[in-house]
Asker: 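Here it is: the structure, laid out below.
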Amino acid sequence: MLDYKLEIAKAINKNVDMEIDQIYSMIEIPPQTSMGDYAFPCFQLSKTLRKAPVQIAADLAGKMEKLSFLKEIQQNSGFLNFFIEPSAFIYETTKQTIIEGDRLGSSNEGNGKTVLVEYSSPNIAKPFHVGHAFTTIIGNALYRIYDHLGYKTVRLNHLGDYGTQFGKLISAYKQWGNEADLEEHPIKELLRIYVKFHDEAKENPDLETEARLHFKNLEDGKPEEIALWERFRDLSLKEFSIIYKRLGVEFDDLNGESFYSDKIPEIVNILKDKNLLVESDGAQVVMLEDYNLPPCIILKSDGTTIYASRDVAAVLYRIRNYNFYKNIYVVGNPQALHFRQVFAVAEKMGLEDAKNCIHVGFGLVKFANMKFSTREGNIILLEDLLNECVAKTLEIIRKNQEERCTDMNEEEMLDVAEKVGLAAVIYTFCKNGRDRDIVFSWDEMLDFEGDSAPYVLYTYARCQSIIRKANALNIDYAKLNMDVFANVGNDDEFMLAKLIAGLGESVRKAAESNEPFMLVRQITSIARTFNKFYNNSPIMNNQDENLKKARLALCNATTIAIKTGLQMLGIQTVERM
RNA sequence: GGGUCUAUAGCUCAGCUGGAUAGAGCAACAGCCUUCUAAGCUGUGGGUCGGAGGUUCGAGUCCUCUUAGGCUCACCA
């Protein structure tokens with residue numbers, strides 16, 4: 001599509017001594033539609049031209065050539081305001097959107113570039129709670145966003161499958177493990193014995209020693225410990241996969257901490273060769289004062305490794321195996337310092353690509369005044385949250401069924417409830433900037449009005465309902481031309497088209513800042529504007545056949561924009577609700 | 001104490017590289033279903049953008065200082 005802003009910049013350039021690029025970056029979108037669609041502020045020119053901004057704007061308004069897509073050029077105080085022709089713009093946008101379909105807002109900016117996204121990364125044998133939802137949902141959205149922009153993506157689930165807690169688990173299982181329960185509810189059972197271990201260990205410190213021995217045996221590859229560890233891992237993964245499947249989350253690589261463990265000696269050797277490793281309080285550390293960071297421990301005083309060393313090993317591994325453009329870690333903010341240290345160590349090792357490693361942090365999910373704690377047991381399982389949202393959705397659907405006599409059968413109702421319920425959760429986790437902490441609230445989670453996934457999905461379903469009616473009547477709204485759009489162009493229609501046309505820009509910004517909410521807001525604006533349009537302008541009930549077709553086409557474009565946008569967030573649409 | 005993030009309407013949050021009268025949603029109040037799904041739409045009230053200086057033609061946005069809170073600061077991950 002024609003870049004209106006660029007055309008305007010070129011036109012201004014003919015009258016002003018300034019580079020097109022600079023003019024382009026100065027052009028902005030006015031805060032109100034009454035001020036036009038694009039604006040050029042003339043304040044900066046007043047220095048070089050030695051004239052008042054108002055005068056410059058007025059002079060410019062008189063000299064500007066008339067561009068075909070412009071309706072009008074106005075001078076308003078120090079601004080030059082450009083008004084574009086609505087009907088032509090709506091026509092172009094609608095046509096283009098329908099042509100692009102589910103590739104709307106895509107680009108080839110990522111061609112030939114690989115982006116790694118590490119997300120979810122739950123700990124084996126621990127419940128999957130709402131805290132994990134944040135990284136899983138944001139990571140999944142980022143993967144889809146980069147994918148849409150043409151990047152080759154690799155989805156990494158850096159499983160927490162290593163460490164001393166496995167010694168404890170093995171120890172606990174051997175004493176209190178219940179085989180039947182383990183098969184039935186693996187994580188529940190593993191958590192039970194894990195908690196029991198901690199309780200017992202308070203009285204009996206020998207347990208800790210025993211656990212350390214089991215972990216040592218695990219590291220040394222003793223068959224019994226290995227077998228148990230593998231079993232715990234497999235059972236946990238099986239249970240996680242249920243949630244992943246439900247959420248449409250997939251991975252290309254499940255290499256966790258254990259995978260990188262045997263790659264640490266090489267890191268240690270490289271650091272030694274470069275004289276970066278120094279002893280401090282018995283531990284081997286890399287000093288990072290040149291980065292204004294505290295030292296990074298590579299080997300503990302007992303000679304064993306630590307998570308920082310594993311993450312450095314992972315960086316090296318990923319550099320060698322994927323020639324990445326970006327290596328993104330979707331991990332909570334509390335680990336910000338850890339990643340700065342890891343990346344700094346990698347850089348000191350001479351790994352150039354360390355600068356392309358990005359920690360994408362996010363706030364804590366808090367529960368009123370307390371923190372979630374697995375050991376305390378005050379957690380909300382993600383599964384329970386999903387089920388709760390699905391149940392509430394189903395309740396609303398049944399109520400609508402009675403009031404509205406929708407002819408949905410049981411199967412369809414369950415399917416819709418599942419999709420809408422999950423969408424509500426996904427939406428809530430990516431509707432705001434990542435850095436803020438989320439105070440978990442059932443009220444907010446179950447608020448299906450206004451700024452929410454059900455709102456957007458409802459809009460989509462409404463749109464599809466109209467399109468179904470049009471199709472049933474064999475109304476052909478596929479053949480479009482400018483004549484059909486002659487009478488289109490009221491404020492709602494114009495705004496809707498502008499927002500649809502802006503979807504790609506919002507995807508780009510979301511990727512640039514690794515903030516899916518930028519896309520969420522765009523989609524929500526599209527939905528809100530459509531609802532306004534829907535309420536103010538009859539679509540099917542219209543005497544003017546051309547207007548009817550044009551509006552149907554705009555409806556069609558709206559469904560494409562919403563569906564494509566939601567897909568990038570991992571949200572599925574429903575045809576009715 | 002150092003690092004870092006946050007502070008905008010009663011609540012939850014936007015405000016993208018400084019630009020025109022600071023915007024949404026929720027909650028409150030008042031309306032709209034004999035026309036396309038009321039999980040919707042319209043309207044009203046509600047703000048000294050934590051505080052103080054500064055830079056600028058122009059600051060919620062940039063700089064300095066300051067207040068409050070979250071997270072974090074070596075052998076857990």
Side-chain angles (χ1 to χ4, degrees), chain A residues 25-26 28 30-32 35 39 41 43-44 46-47 52-53 76-79 81 121 123 160 162-165 257 280-285 292-302 304-308 310-311 331-338 340-341 361 363-364 366 393 396-397 399-400 403-404 406 420 424 431-433 435-439 441 443-444 447-459 461-470 505-506 509 512-513 515 517-518 521 524-525 527-528 531-542 551-552 555 576-577:
Chain A
S25 69
M26 281 168 69
E28 54 199 50
Q32 284 172 45
M35 297 164 178
F43 304 95
Q44 285 181 37
S46 77
K47 273 182 205 147
N76 268 310
S77 71
F79 292 91
N81 292 343
S121 310
N123 287 329
Y162 213 63
T164 45
Q165 75 265 28
E257 289 158 12
S280 171
D281 289 341
Q284 295 291 315
V285 309
N292 202 17
L293 293 172
C296 180
I297 294 186
I298 298 297
L299 293 174
K300 294 187 275 190
S301 44
D302 64 1
T304 57
T305 63
I306 189 168
Y307 64 111
R310 277 191 280 277
D311 271 333
V331 181
N333 279 333
Q335 298 206 49
L337 178 61
H338 162 71
R340 288 212 289 156
Q341 289 178 302
L364 253 59
K366 293 190 292 195
T393 307
I396 296 172
I397 293 171
K399 200 182 84 214
N400 289 345
E403 290 173 4
R404 230 184 267 153
T406 53
V420 175
K431 74 169 174 177
N432 293 135
D435 277 323
R436 283 177 182 277
D437 289 349
I438 290 183
V439 177
S441 137
D443 283 347
E444 202 184 322
D447 181 5
F448 290 176
E449 281 165 25
D451 194 4
S452 69
Y455 174 88
V456 176
L457 290 172
Y458 181 74
T459 310
R462 251 181 172 179
C463 238
Q464 290 294 49
S465 169
I466 295 173
I467 289 170
R468 275 194 301 273
K469 289 205 163 94
E505 174 75 359
S506 76
K509 279 182 185 160
E512 197 180 299
S513 54
E515 284 282 21
F517 89 92
M518 299 211 172
R521 293 189 98 85
T524 308
S525 297
R528 184 162 301 120
N531 280 325
K532 205 177 277 191
F533 162 63
Y534 175 93
N535 270 274
N536 296 336
S537 313
I539 298 163
M540 289 291 283
N541 306 322
N542 215 314
R551 284 181 172 166
L552 279 168
C555 270
R576 302 196 292 179
M577 63 187 276

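Keep in mind that this is a model prediction, so the values were computed, not measured. Both backbone and side-chain heavy atoms feed into the values below; hydrogens, waters and symmetry mates do not. Each chain gets a letter, A, B and so on, in the order the sequences are listed, and its residues count up from 1.
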Asker: Does atom NZ of Lys431(A) have more than 12 heavy-atom neighbours from other groups under 6.0 Å away?
Answerer: yes
Asker: Taking the minimum atom-to-atom distance to the side chain of Glu257(A), which one of U21(B), A77(B), G19(B) wins?
Answerer: A77(B)
Asker: Would you give a per-nucleotide map of nucleotides 8-14 of chain B, 5' to 3', where B means the base has a protein non-hydrogen atom under 4.0 Å away, S means only the sugar-phosphate does, and - means neither?
Answerer: B---SSS
Asker: How would you list, by chain and number, every residue that makes a side chain to side chain contact (heavy atoms under 4.5 Å, CB included) with Asp435(A), sequence neighbours excluded?
Answerer: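 For Asp435(A) the side chain to side chain contact (heavy atoms under 4.5 Å, CB included) partners, ignoring immediate neighbours, are Asn333(A).
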Asker: Verify whether one side chain among Ser441(A) and Asp443(A) offers a donor that lies under 3.5 Å from an acceptor in the other.
Answerer: no
Asker: Side chain of Leu337(A) only, please: which of C16(B), C36(B), U72(B) is the nearest?
Answerer: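 Of the options given, the side chain of Leu337(A) lies nearest U72(B).
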Asker: Under 4.0 Å between any heavy atoms, over every strand shown, what does Gln165(A) touch: base, sugar-phosphate, or nothing? Just pick one.
Answerer: nothing
Asker: Check Asn432(A) against Glu515(A) and note the closest heavy-atom contact, atom names and distance.
Answerer: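 Looking at all heavy atoms of both residues, the closest pair is O-OE1, 4.4 Å.
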Asker: Quick check: are there more than 12 heavy atoms from other residues, nucleotides or ligands sitting under 6.0 Å from CG of Asn292(A)?
Answerer: no
Asker: Applying a 3.5 angstrom cut-off to the pairing atoms, does RNA chain B sit in any stems of at least three consecutive Watson-Crick or G-U pairs? List them by first number.
Answerer: B:1-7 with B:67-73, B:10-13 with B:23-26, B:28-32 with B:40-44, B:50-54 with B:62-66
Asker: Between C26(B) and G40(B), how many Å separate the two C1' atoms, rounded to a whole number?
Answerer: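 16 Å, rounded to whole Å.
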Asker: Check side chain to side chain contact (heavy atoms under 4.5 Å, CB included) between Arg576(A) and all other residues, then give those that pass, not counting sequence neighbours.
Answerer: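 Listed in chain order: Asp407(A), Met408(A), Glu412(A), Arg468(A).
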Asker: Have a look at Pro334(A) and say if it touches a base, only the backbone sugar-phosphate, or nothing, with a 4.0 Å heavy-atom cut-off.
Answerer: sugar-phosphate
Asker: I'd like a table of atom pairs between the protein and nucleotides 55-65 of chain B - only N or O on both sides, under 3.5 Å - with the distance next to each one.
Answerer:
none

Asker: Pull up the glycosidic torsion of C65(B) and say syn or anti, syn being anything within 90° of 0.
Answerer: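 Anti, which is what one calls it when the glycosidic angle falls more than 90° from 0.
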Asker: What protein N or O atoms touch nucleotides 38-42 of chain B N or O atoms at under 3.5 angstrom, if any, and at what distances?
Answerer:
unit_1: A38(B); atom_1: OP2; unit_2: Arg462(A); atom_2: NH2; d: 2.5
unit_1: A39(B); atom_1: OP1; unit_2: Arg404(A); atom_2: NH2; d: 2.2
unit_1: A39(B); atom_1: OP1; unit_2: Tyr458(A); atom_2: OH; d: 3.4
unit_1: A39(B); atom_1: N7; unit_2: Asn400(A); atom_2: ND2; d: 3.2
unit_1: G40(B); atom_1: OP1; unit_2: Gly450(A); atom_2: N; d: 3.0
unit_1: G40(B); atom_1: O2'; unit_2: Arg462(A); atom_2: NH1; d: 2.7
unit_1: G40(B); atom_1: O2'; unit_2: Arg462(A); atom_2: NH2; d: 3.3
unit_1: G40(B); atom_1: O2'; unit_2: Asn535(A); atom_2: ND2; d: 3.4
unit_1: C41(B); atom_1: OP1; unit_2: Tyr455(A); atom_2: OH; d: 2.6
unit_1: C41(B); atom_1: O4'; unit_2: Asn535(A); atom_2: ND2; d: 3.1

